[in-house]
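Worksheet: the structure to be examined is printed underneath.
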Amino acid sequence: MTEAEQRRRLCRLDDLGDPGSRGFSLRTAAGLQDIFVVRRGEHICAYANSCPHTGGPLDWQPHQFLSLDGDLIQCATHLALFRIDDGRCVAGPCVGRTLTPVPLALIDGWVLTTVGEVV
């Protein structure tokens, strides 16, 4: 099966605010994996929902991964801040470390991944 055939729908692009974020649980070959998708304009990216400092989830409420101004990803545990585009920590106890990226595609208005199936 090709990668294109293995893509699974996560949500419609229009389901995400701008800027906006949304969390998902995926069933993968390695078990369940929590991820989140961030949108800014037509740009989307996704990361594993795991802080590089503590390993805990980043969301402070369901689907809330962004700072109040929507410019950065913010960890709920210790308020570390990460750039949206590359997941690099720019403030907090894990400065310089990065979030783990998750592959995405945007096709016909759908946000898709090859990582697993939405639970």
Side-chain angles (χ1 to χ4, degrees):
M1 206 181 307
T2 68
E3 183 176 311
E5 293 170 326
Q6 294 176 354
R7 290 186 179 133
R8 306 269 197 226
R9 290 179 175 178
L10 293 176
C11 64
R12 303 268 318 155
L13 179 64
D14 293 341
D15 294 338
L16 298 167
D18 185 13
S21 59
R22 185 170 173 190
F24 298 90
S25 290
L26 303 178
R27 183 175 296 115
T28 72
L32 290 180
Q33 179 181 5
D34 290 331
I35 69 164
F36 65 98
V37 176
V38 176
R39 174 187 181 185
R40 188 177 352 185
E42 294 300 307
H43 175 75
I44 56 168
C45 55
Y47 299 100
N49 186 7
S50 178
C51 177
H53 177 237
T54 65
L58 287 101
D59 45 338
W60 48 278
Q61 290 183 10
H63 309 298
Q64 299 297 317
F65 295 89
L66 299 178
S67 58
L68 290 177
D69 61 12
D71 288 340
L72 296 164
I73 297 164
Q74 183 172 332
C75 177
T77 303
H78 51 70
L79 306 181
L81 297 171
F82 303 85
R83 294 188 301 222
I84 291 172
D85 293 337
D86 62 7
R88 186 173 181 85
C89 184
V90 295
C94 49
V95 169
R97 295 176 70 187
T98 59
L99 300 172
T100 302
V102 173
L104 287 183
L106 180 60
I107 300 175
D108 296 329
W110 284 98
V111 179
L112 310 166
T113 187
T114 57
V115 172
E117 186 175 353
V118 176
V119 177

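As the structure is a prediction and not an experimental result, all values here were calculated from the model.
Side-chain heavy atoms closer than 4.5 Å link hydrophobic residues (I, L, V, M, F, W, Y) into clusters, and following such links, possibly through other members, connects V102 to L106. Linking ILVMFWY residues whenever their side-chain heavy atoms come closer than 4.5 Å, directly or via other members, leaves F65 and V37 in distinct clusters. Both I44 and F24 are assigned to one and the same hydrophobic cluster, defined by single-linkage of ILVMFWY side chains at heavy-atom distances under 4.5 Å. Cluster membership check: I35 does not share its hydrophobic cluster with V38, using side-chain heavy-atom separations under 4.5 Å among Ile, Leu, Val, Met, Phe, Trp and Tyr. No continuous path of hydrophobic side-chain contacts links W60 to F36 [ILVMFWY only; heavy atoms under 4.5 Å].
We find the CG-CD distance between L26 and Q33 to be 6.0 Å, quoted to the nearest 0.5 Å. Taking SG of C11 as the start and CG of L112 as the end, the distance is 9.5 Å to the nearest 0.5 Å. Atom CG of L72 and atom CG of L79 lie 12.0 Å apart (nearest 0.5 Å).
When all heavy atoms of F82 and G87 are compared, the pair lying nearest together is CD2-O, 3.3 Å. For the pair C94 and A80, the tightest heavy-atom approach, listed with the atom from each and the gap, is SG-CB, 4.0 Å.
Using a 4.5 Å cut-off on side-chain heavy atoms (C-beta onward), H53 and C75 make no contact. At a threshold of 4.5 Å between non-hydrogen side-chain atoms, the residues R8 and V118 do not count as touching.
Comment: D86 engages R83 in a salt bridge, judged by a side-chain N to carboxylate O separation of less than 4.0 angstrom.
A donor-acceptor pair under 3.5 Å links the side-chain atoms of H63 to the main chain of G23, judged by distance alone. A distance-only check finds no donor-acceptor pair linking the side chain of S25 to the backbone of V119 [under 3.5 Å]. Using modelled atom types, no side-chain atom of R40 and backbone atom of E42 make a donor-acceptor pair closer than 3.5 Å. Side-chain N or O atoms of S50 include one that pairs as donor or acceptor with a backbone N or O of G55 at under 3.5 Å. At distances below 3.5 Å, at least one donor-acceptor pair connects side-chain atoms of R88 with backbone N or O atoms of G96.
The residue from D69, L81, D59, L58 that alone fulfils the side chain to side chain contact (heavy atoms under 4.5 Å, CB included) condition with Q74 is L81. Evaluated for a side chain to side chain contact (heavy atoms under 4.5 Å, CB included) with V111, the options D15, D14, L10 yield exactly one hit, L10. For the side chain to side chain contact (heavy atoms under 4.5 Å, CB included) criterion with R7, the lone passing option out of V115, T113, I107 is I107.
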Do C45 and I84 pass the side chain to side chain contact (heavy atoms under 4.5 Å, CB included) test, and can you show the C-alpha distance, the side-chain angles, and the key distance before you say yes or no? CA-CA 8 Å; C45 55; I84 291 172; 3.7 Å; yes
Please report the C-alpha distance between L66 and I73 in whole Å, then the side-chain angles of each, then the deciding distance to 0.1 Å, and finally whether the side chain to side chain contact (heavy atoms under 4.5 Å, CB included) criterion is met. CA-CA 4 Å; L66 299 178; I73 297 164; 4.1 Å; yes
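Heavy atoms from other residues, nucleotides or ligands lying under 6.0 Å from CG of D108 number 12 at most.
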